[in-house]
Amino acid sequence: MKATVIQTDLRWEDKEANFEHLSSLLAKVPAGTDLVAFPEMFTTAFSMNPASLAETMDGHSVNWMKSISSAGNYAVCGSLIIEENGKYYNRLIFVTPSGKTVKYDKRHLHSISGEHNIYTAGNEQVTCSYKELNFNLQVCYDLRFPVWSRNRGGSDVIIYSANWPTARSYAWKSLLVARAIENQCYVLGVNRTGTSPDGTSYSGDSFIIGPRGEVLASLDPDVEGVITAELSKQSLEKYRADMPVWRDADSFDLI
């Protein structure tokens, strides 16, 4: 399977501008790509104004994802601001070309920035299957919590869709590698670039990492771009068989 990550600046709270810009970057996606991953809140950037920006699962943004997934014949994922039953969610949405949609609500809300006061935390770890691989869906701050990311036998790839600030880029890069090694999984870390109105800068530093912690593809900081890498179920299973550390893992309950 070919997985592609799009690292981009995000236009603040301007959905149409972000759709237009992402469409220009999608034109650079290599032929044969099976999956395209976007940053967190890719239509608005990391906003605390959901009342004016939130959509439903039947809204324009989800339908846009379905449209580009069908047209490109690849799955698409990224997080959006979604309203449901009077609550707001930072929701990662995974769409396949057939129109199938899987959702994951960010579990670990960033209390330092007050995200927990605005959005409702999810309570379910979500893994979805696409083609030959199983994808564990995660959003940004979830990366810091290894128990929530733990592969209990059902994950082949962990996706982290993020708006991770430059000031903590060392943690971002280090933890992506750690999550790959400890879970014997591929990891896609897709982060934005640019600066938000409050002055927070984002360096990107997006990576595709192999189960040994090896970097398969990466983007330089502070530049927009597209990277692609091959994710092999066969190679992954061989590595796990040759190095079966999973057999010695501790058991625990997530919640």
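Below, each value reflects all heavy atoms present in this structure, side chains not excepted, and no hydrogens, waters or symmetry copies. Because the structure is a prediction, the values reported are computed rather than measured. Heads up: numbering here begins at 1 and tracks the sequence.
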Sub-4.5 Å side-chain heavy-atom contact between Leu109 and Tyr119 = yes

Quiz prompt | Side-chain (Ser169) to main-chain (Thr166) donor-acceptor, under 3.5 angstrom | solution = yes

Are the side chain of Asp105 and the backbone of Gly122 linked by a donor-acceptor contact shorter than 3.5 Å? no

- Main-chain N/O of Asp220 paired to Gln7 side chain as donor or acceptor, under 3.5 Å: yes

State, with a plain yes or no, whether a side-chain heavy atom of Tyr186 is found less than 4.5 Å away from one of Ile208.
-> no

Item to complete: Walk me through it: do Ile81 and Asn90 pass the test side chain to side chain contact (heavy atoms under 4.5 Å, CB included)?
Response: CA-CA 5 Å; Ile81 302 172; Asn90 185 346; over 6 Å; no

- Query: What's the verdict on side chain to side chain donor-acceptor pair (under 3.5 Å) for Asn134 and Ser129, showing C-alpha distance, side-chain angles and the deciding distance?
  - Reply: CA-CA 4 Å; Asn134 297 316; Ser129 297; 2.5 Å; yes

The reported gap from CG in Leu80 to CD1 in Ile93 (rounded to nearest 0.5 angstrom) is 4.5 Å

Report task. Side-chain contact test, heavy atoms from C-beta onward, threshold under 4.5 Å: evaluate it for Ser196 versus Phe46 and give yes or no. Result -> no

| message | Closer than 3.5 angstrom, by distance alone: can the side chain of Ser70 be matched with the main-chain N or O of Lys66 as a donor-acceptor pair? | response | no

Item to check | Side-chain donor or acceptor of Thr127 paired with backbone N/O of Ser155 under 3.5 Å | outcome: no

For His60, is there any backbone N or O sitting under 3.5 Å from a side-chain donor or acceptor partner on Glu55? yes

Show which side-chain atoms of residues 21-33 pair as donor or acceptor with protein atoms under 3.5 Å away, not counting sequence neighbours.
residue, atom, partner, partner atom, Å
His21, NE2, Thr8, OG1, 3.4
His21, NE2, Glu224, OE1, 3.1
His21, NE2, Glu224, OE2, 2.8
Ser23, OG, Phe19, O, 2.8
Ser24, OG, His21, O, 2.5
Thr33, OG1, Thr4, OG1, 3.1
Thr33, OG1, Pro30, O, 2.9

Judged by atom type as modelled, is there a donor-acceptor pair below 3.5 Å linking the side chain of Ser113 to the main-chain atoms of His110? yes

Tell me whether the count of non-hydrogen atoms from other residues, nucleotides or ligands lying under 6.0 Å of CD in Glu20 goes above 12. no

| request: Look at the side chain of Glu13 and the backbone N and O of Thr44, then say whether any donor-acceptor pair between them is shorter than 3.5 Å. | output: no

Note: with side-chain heavy atoms under 4.5 Å as the link, the other cluster members for Ile181 come out as Leu143, Ile158, Tyr160, Trp164, Trp172, Leu175, Leu176, Val177, Val187, Phe207, Ile209, Val215

Next on the checklist: Taking the six-membered ring for Trp, are Phe135 and Phe94 closer than 6.0 Å centroid to centroid?
Outcome noted: yes

- Can you check side chain to side chain contact (heavy atoms under 4.5 Å, CB included) on Arg152 and Trp246, steps first, answer last? CA-CA 8 Å; Arg152 306 179 79 184; Trp246 51 269; over 6 Å; no

Rounding to 0.5 Å, atoms OG (Ser161) and CE (Met41) come to a distance of 10.0 Å

Closest heavy-atom pair, Tyr88 versus Ala51, reported as atoms and distance to 0.1 Å, is OH-CA, 3.4 Å

Any Thr200 side-chain heavy atom under 4.5 Å of Asp198 side chain = yes

task: Using the side chain to side chain contact (heavy atoms under 4.5 Å, CB included) rule, take Tyr202 and Asn163 through it: C-alpha gap first, then chi angles, then the decisive distance, then the call.
output: CA-CA 7 Å; Tyr202 304 87; Asn163 277 201; 3.9 Å; yes

Check whether Val102 and Leu133 end up in the same hydrophobic cluster, where Ile, Leu, Val, Met, Phe, Trp and Tyr are linked by side-chain heavy atoms less than 4.5 Å apart.
-> yes

Check your understanding: Can Gln184 and Asn151 be counted as having a side-chain donor-acceptor contact under 3.5 angstrom?
Key -> no

Worksheet item: Would a hydrophobic clustering, with Ile, Leu, Val, Met, Phe, Trp and Tyr connected at side-chain separations under 4.5 Å, put Leu231 with Val5?
Response: yes

Do Glu182 and Arg150 meet the salt-bridge criterion of a basic N to acidic O distance under 4.0 Å? no

In terms of heavy-atom contacts, Ser69 and Pro97 come closest through OG-N, 3.1 Å

Practice prompt. Would you kindly confirm whether Val139 and Tyr130 end up in one hydrophobic cluster when ILVMFWY residues are joined by side chain heavy atoms under 4.5 Å apart?
Written response: yes

Between Glu16 and Arg11, is there a salt bridge with N-O shorter than 4.0 Å? no

Side chains of Thr56 and Ile82 in contact at under 4.5 Å (non-hydrogen atoms)
no

Would you call the rings of His108 and Tyr141 parallel, tilted or perpendicular if under 30° counts as parallel and over 60° as perpendicular? perpendicular

Output for pair (Ser218 OG, Lys173 NZ), nearest 0.5 Å, gives 10.0 Å

Heavy atoms of Ala229 and Ala217 approach each other most closely as CB-CB, 4.3 Å

Inset, instruction - Look at the side-chain heavy atoms of Ile, Leu, Val, Met, Phe, Trp and Tyr, link any pair under 4.5 Å apart, and say whether Val157 and Leu236 land in one connected group. - result: yes

**Request:** Could you please spell out the steps behind the salt bridge (Lys or Arg N to Asp or Glu O under 4.0 Å) verdict for Arg107 and Glu124?
**Result:** CA-CA 8 Å; Arg107 169 66 178 172; Glu124 181 182 3; over 6 Å; no

For the residue pair Thr193 and Asp9, confirm or rule out a side-chain donor-acceptor distance under 3.5 Å.
no

Rounded to the nearest 0.5 angstrom, the CD-CD distance for Glu40 and Gln138 is 12.0 Å

Exercise. Can any side-chain N or O of Thr96 pair as donor or acceptor with the backbone N or O of Ala75 at less than 3.5 Å?
Worked result: no

Could you check whether Arg240 pairs with Asp156 (Lys NZ or Arg NE/NH1/NH2 to Asp/Glu carboxylate O, under 4.0 Å)?
yes

**Asked** Is there a chain of hydrophobic side chains (I, L, V, M, F, W, Y, each step under 4.5 Å between heavy atoms) that links Val76 to Trp64?
**Response** yes

Mind checking whether Tyr104 and Trp148 have parallel, tilted or perpendicular rings, split at 30° and 60°? tilted

Requested in this report: Examine distances only and state if a side-chain atom of Ser203 and a backbone atom of Asp205 form a donor-acceptor pair shorter than 3.5 Å.
Outcome: no

- Item | Side chain to side chain, Asp34 and Lys131, heavy atoms closer than 4.5 Å | yes

Q. Under 4.0 Å between a Lys/Arg side-chain N and an Asp/Glu carboxylate O for Asp142 and Lys106?
A. no

The reported gap from CG in Leu92 to CG in Leu137 (rounded to nearest 0.5 angstrom) is 5.0 Å

Other residues, nucleotides, ligands: >12 heavy atoms within 6.0 Å of Glu214 CD: yes

Decide yes or no for Tyr170 and Arg168: does some side-chain heavy atom of the first lie under 4.5 Å from some side-chain heavy atom of the second?
no

task = Answer yes when Arg91 and Glu84 have at least one side-chain N-carboxylate O distance shorter than 4.0 Å, and no when they do not.
result = yes

- Message: Within the 4.5 Å heavy-atom criterion, are Ser79 and Phe42 side-chain neighbours or not?
- Response: no

dist Cys77:SG -> Leu188:CG (nearest 0.5 Å) comes out at 7.5 Å

